[in-house]
Amino acid sequence: MLKLHEYQSKQLFAQRGIPIPKGKVATAAQEARDIAIELGGRVVVKSQVLVGGRGKAGGIKLAKSPGEAEELAAQILSMTIKGLPVRKVLVDQAADIRKEIYLAVTNDRAARKPLMMASSAGGVDIEEVARTDPEKIIREHVDPLMGLRDYQTRNIALGIELAREQWKQFSEIAAALYRTYVETDASLAEVNPLVITGDNRLVALDGKIVLDDNALYRHPDLAEMRDLDEESPQETEARKYGLSYVKLEGEIGCMVNGAGLAMGTMDIVKFFGGSPANFLDIGGGAQADKVTAALRIILSDSKVKAVLINIFGGITRCDEVARGFLAARQELNASVPMVVRLVGTNEEEGRRLLADASVITATSLADAAQKAVAAAKG
Ligand code: GDP
Ligand code: MN
């Protein structure tokens, strides 16, 4: 998953014809002042962090003058929003908002189709609208072969009670948003709010695009937009070694080969009363360096009280995993107890390598999980 910043998302929208406010990104307060002067004084200063609800958190402020823009930028640039330090602000020409609309395209897995959603209750969190006024969300599934049809955007325009004079603008924006979604291989392309201005223009004030990692190889330009400042060093490291890693809140670090086995391992850890600290799939045929990196990532989480390594050797060779494990142990000098279960290709060789490595060995997965849970409890 690659989340793009507001300024990046709006750029991609603008390239496809969606109107956005004039604006530029600043990393220093002085720079925000210069941009405000260029834009004519009245601007909105917006924190660029990859979380929603920046407005409510105080990360979006209106400035009436370049001096005020500088002051607010300094203030916002020193903020931390939901754990993320603000490193950049977007300085946009302020909009004269008459009404806020929600418009998005996402992937409806159950329907196996893209879904366009809109609401006249824009600006606020859409999950909240879904809870309180579900009838205010208008939905149109898009046939991927047919694309978004004009009658569908008219249905939406009608559903959100848009005045006739805005229908043409709205149709063009909806079509461009759908195009953005398809062309970037996004799983979400969202404009919230899409506003109607005092002079009856529709403008995308906020933008959010989430891209599918599995399609990024087709979009080197988009892959470059990833903001490494916004992800944890562990995630960056995992991506570098081709490991699938998701951090969780528990205390048993898991290293497994294969996504299905990794999920099964997490389930059985929970079954025996433990809680997994992560999902980590080292993939098929992992070499020693990958195993070393995986263990380094797991152990960098200070909550981890025990490690469970569950390898089903097929393409992956157990001796290779053992070698990576030993290298990591040497490098990391960790005191956390480790339970290892190696089954399959070259398992004897793997076990022999680990014989004097002071690890807890296990034969069955149930045995391994129970030992890991016990070890984590001290
Ligand atoms: P979010 O809170 O992270 O979703 O950030 P948004 O970009 O959606 O901004 C939150 C709210 O700030 C919007 O719904 C608007 O009400 C307000 N806002 C954003 N830009 C402007 C602007 O240019 N002018 C005015 N008046 N309000 C704005
Ligand atoms: Mn928003």
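Both counts, for ligands and for their atoms, begin at 1 and track the order of listing.
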For the Mn ion (ligand 2): protein N/O/S atoms at distances below 2.8 Å: 2

Contact atoms of ligand 1, heavy-atom distance to Leu62 under 4.0 Å: 24 (N), 25 (C), 26 (N)

Of the listed options Ile97, Val49, Val43, closest to atom 27 (N) of ligand 1 (non-hydrogen atoms): Ile97

Protein contact to atom 2 (O) of ligand 1 [nearest heavy atom, distance to 0.1 Å]: Gly55 N, 2.9 Å

Residue, atom name and distance, where the atom is the protein heavy atom closest to atom 10 (C) of ligand 1: Ile60 CD1, 3.9 Å

Contact with ligand 1 for Asn192, non-hydrogen, under 4.0 angstrom: yes

Structural part of Lys46 in contact with ligand 1, heavy atom criterion under 4.0 angstrom: side chain

Protein residue, atom and distance nearest to atom 3 (O) of ligand 1, heavy-atom basis: Arg54 NE, 2.7 Å

Taking atom 22 (C) of ligand 1 as the reference point, the nearest protein heavy atom with its distance: Ala95 N, 3.7 Å

Nearest candidate to atom 4 (O) of ligand 1, where distance is taken over non-hydrogen atoms, out of Asp206, Val44, Leu90, Val51: Asp206

Side-chain H-bond candidate by donor/acceptor type, Thr27 with Glu31, under 3.5 Å: yes

Among Gln166, Glu172, Lys99, side-chain contact (heavy atoms from CB on, under 4.5 Å) partner for Leu202: Gln166

Minimum-distance protein heavy atom relative to atom 16 (O) of ligand 1: Glu100 OE2, 2.7 Å

Gln234 and Ser300 side chains, donor-acceptor separation under 3.5 Å: yes

Student check: side-chain heavy atoms of Gln75 and Val45 closer than 4.5 Å: no

Side-chain touch Ile156/Phe170, heavy atoms, less than 4.5 angstrom: yes

Which residue and heavy atom of the protein sit nearest atom 20 (N) of ligand 1, plus the separation: Leu205 CD1, 3.5 Å

